[in-house]
Amino acid sequence: STIEMIILNGGNVGIGTSSPGVPLEVQGSVKFGTAATGISHHIEGSDEYRVQGIDVDGNGWNSLHFKADGNDGLFLQKDTNNVGIGTTSPTTTLEVKKVGSTADVGIRIDAGRSADFFIDRGTTSSRGVIDFLTASSRKWRVGNAASGTDDFQIFGASNNEFIINSDTGKVGIGTTSPSVGLQLGN
């Protein structure tokens, strides 16, 4: 017969194994929680271990929150799959937040050779920009606006400040349609 559970003299507990090497060793899938909330761990394939925020009856999904020091850590939001680092209410696909007036936040891409950052806007009718904000108010925007072109633009808070026309290579400062190599607006 198969041993379902064992408690060794040293105190190690085995479920699905007769020789647990750590205080609790489980061979197979595990569920923790209640009918309202929970977490599931199981092996999905030969090289995938899956952790799911799901109640123990398998009827409802839950957000996953990983904390290392008691503060908000890594948060995966149910329904949206938005990821928050330092926040439990991410409003975009990835939101990184550090609270406090002296707190710095950063994203680092470090490689031994090439380190690339890509923004793929899909079509020229979509924008691909980086916004610079102060207290949630946009001050500068850099990138491709949803203008139907591939022109590179730098915008101030309300106006187009700088543009490179992708078709002609002409540069405009203070104008969106330069007609000569370098054209200055008003």
Side-chain angles (χ1 to χ4, degrees), residues 29-167 176:
S29 298
V30 178
K31 291 182 181 180
F32 300 97
T34 66
T37 187
I39 191 166
S40 167
H41 301 257
H42 67 275
I43 297 170
E44 186 68 21
S46 63
D47 61 351
E48 180 183 347
Y49 182 77
R50 186 170 288 190
V51 176
Q52 300 178 139
I54 191 166
D55 64 56
V56 294
D57 293 333
N59 296 320
W61 293 97
N62 308 295
S63 297
L64 293 174
H65 194 175
F66 300 92
K67 291 183 171 186
D69 63 0
N71 297 311
D72 288 329
L74 179 64
F75 185 78
L76 179 59
Q77 189 175 51
K78 73 173 191 169
D79 300 328
T80 64
N81 283 327
N82 288 349
V83 174
I85 299 174
T87 178
T88 58
S89 54
T91 57
T92 60
T93 305
L94 173 62
E95 184 172 336
V96 179
K97 186 173 189 177
K98 192 82 169 191
V99 178
S101 61
T102 61
D104 293 332
V105 67
I107 298 173
R108 180 179 176 145
I109 300 172
D110 193 351
R113 187 169 164 222
S114 298
D116 301 323
F117 181 79
F118 297 94
I119 297 176
D120 186 347
R121 59 190 180 140
T123 69
T124 57
S125 61
S126 300
R127 71 175 178 265
V129 298
I130 298 173
D131 284 332
F132 297 87
L133 301 100
T134 300
S136 299
S137 175
R138 180 169 52 91
K139 301 302 178 185
W140 289 95
R141 172 175 278 177
V142 178
N144 301 107
S147 60
T149 71
D150 289 319
D151 298 343
F152 177 78
Q153 298 169 311
I154 299 175
F155 302 83
S158 59
N159 294 321
N160 192 25
E161 306 290 335
F162 177 88
I163 186 170
I164 299 174
N165 185 298
S166 63
D167 294 326
T176 59

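Computation of the quantities below employed the complete heavy-atom set of this structure, encompassing side-chain atoms and omitting hydrogens, waters and symmetry-equivalent molecules. Given the structure is predicted, the values throughout are model-derived calculations rather than measurements.
- Salt-bridge check for Glu95 with Lys97: failed, with every basic side-chain N at 4.0 Å or more from each acidic carboxylate O.
- Nearest heavy-atom pair, Phe75 versus Thr87, reported as atom, atom and distance to 0.1 Å: CB-O, 3.5 Å.
- Remark: the backbone N or O of Lys78 is paired with a side-chain donor or acceptor of Ser63 at under 3.5 angstrom.
- Here OG1 of Thr123 is found 9.5 Å from CG of Asp120. Values are rounded to the nearest 0.5 Å.
- Ile54 contributes atom CD1, which lies 4.0 Å from atom CH2 of Trp61 (distance to the nearest 0.5 angstrom).
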task: Begin with the C-alpha distance, continue with both residues' side-chain angles, and end with the deciding distance and a verdict on side chain to side chain contact (heavy atoms under 4.5 Å, CB included) for Trp140 and Ile130.
output: CA-CA 8 Å; Trp140 289 95; Ile130 298 173; over 6 Å; no

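- Here the CD1-CD distance, from Ile43 to Glu48, works out to 10.5 Å after rounding to the nearest 0.5 Å.
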- request: List the steps, then state whether side chain to side chain contact (heavy atoms under 4.5 Å, CB included) holds for Ile39 with Asn62.
  value: CA-CA 8 Å; Ile39 191 166; Asn62 308 295; over 6 Å; no

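- Minimum interatomic distance between Thr34 and Asp55 (heavy atoms only, all atoms of both residues): O-CB, 3.5 Å.
- Side-chain contact check for Asn82 versus Thr92: every heavy-atom pair is 4.5 Å or farther apart.
- Counting all heavy atoms, side chain and backbone alike, Asp131 lies closest to Arg138 at OD1-CD, 3.2 Å.
- Here the closest heavy-atom approach between residue His41 and residue Phe32 is recorded as CD2-CE1, 3.8 Å.
- Atoms CD and CD, from Glu44 and Gln52 in turn, are 7.0 Å apart once rounded to the nearest 0.5 Å.
- Checking side-chain atoms of Asp57 against main-chain N and O of Ala35 turns up no donor-acceptor pair under 3.5 Å.
- Scanning both residues, Ile85 and Leu94, for their nearest heavy atoms gives CD1-CD1, 4.2 Å.
- Going from atom NE2 of His65 over to atom CG of Leu76 covers 11.0 Å, rounded to the nearest 0.5 Å.
- Annotation: the span from Glu161 atom CD to Thr176 atom OG1 amounts to 12.0 Å, rounded to 0.5 Å.
- The two residues Asn144 and Asp150 come nearest to each other via the heavy atoms ND2-O, 3.1 Å.
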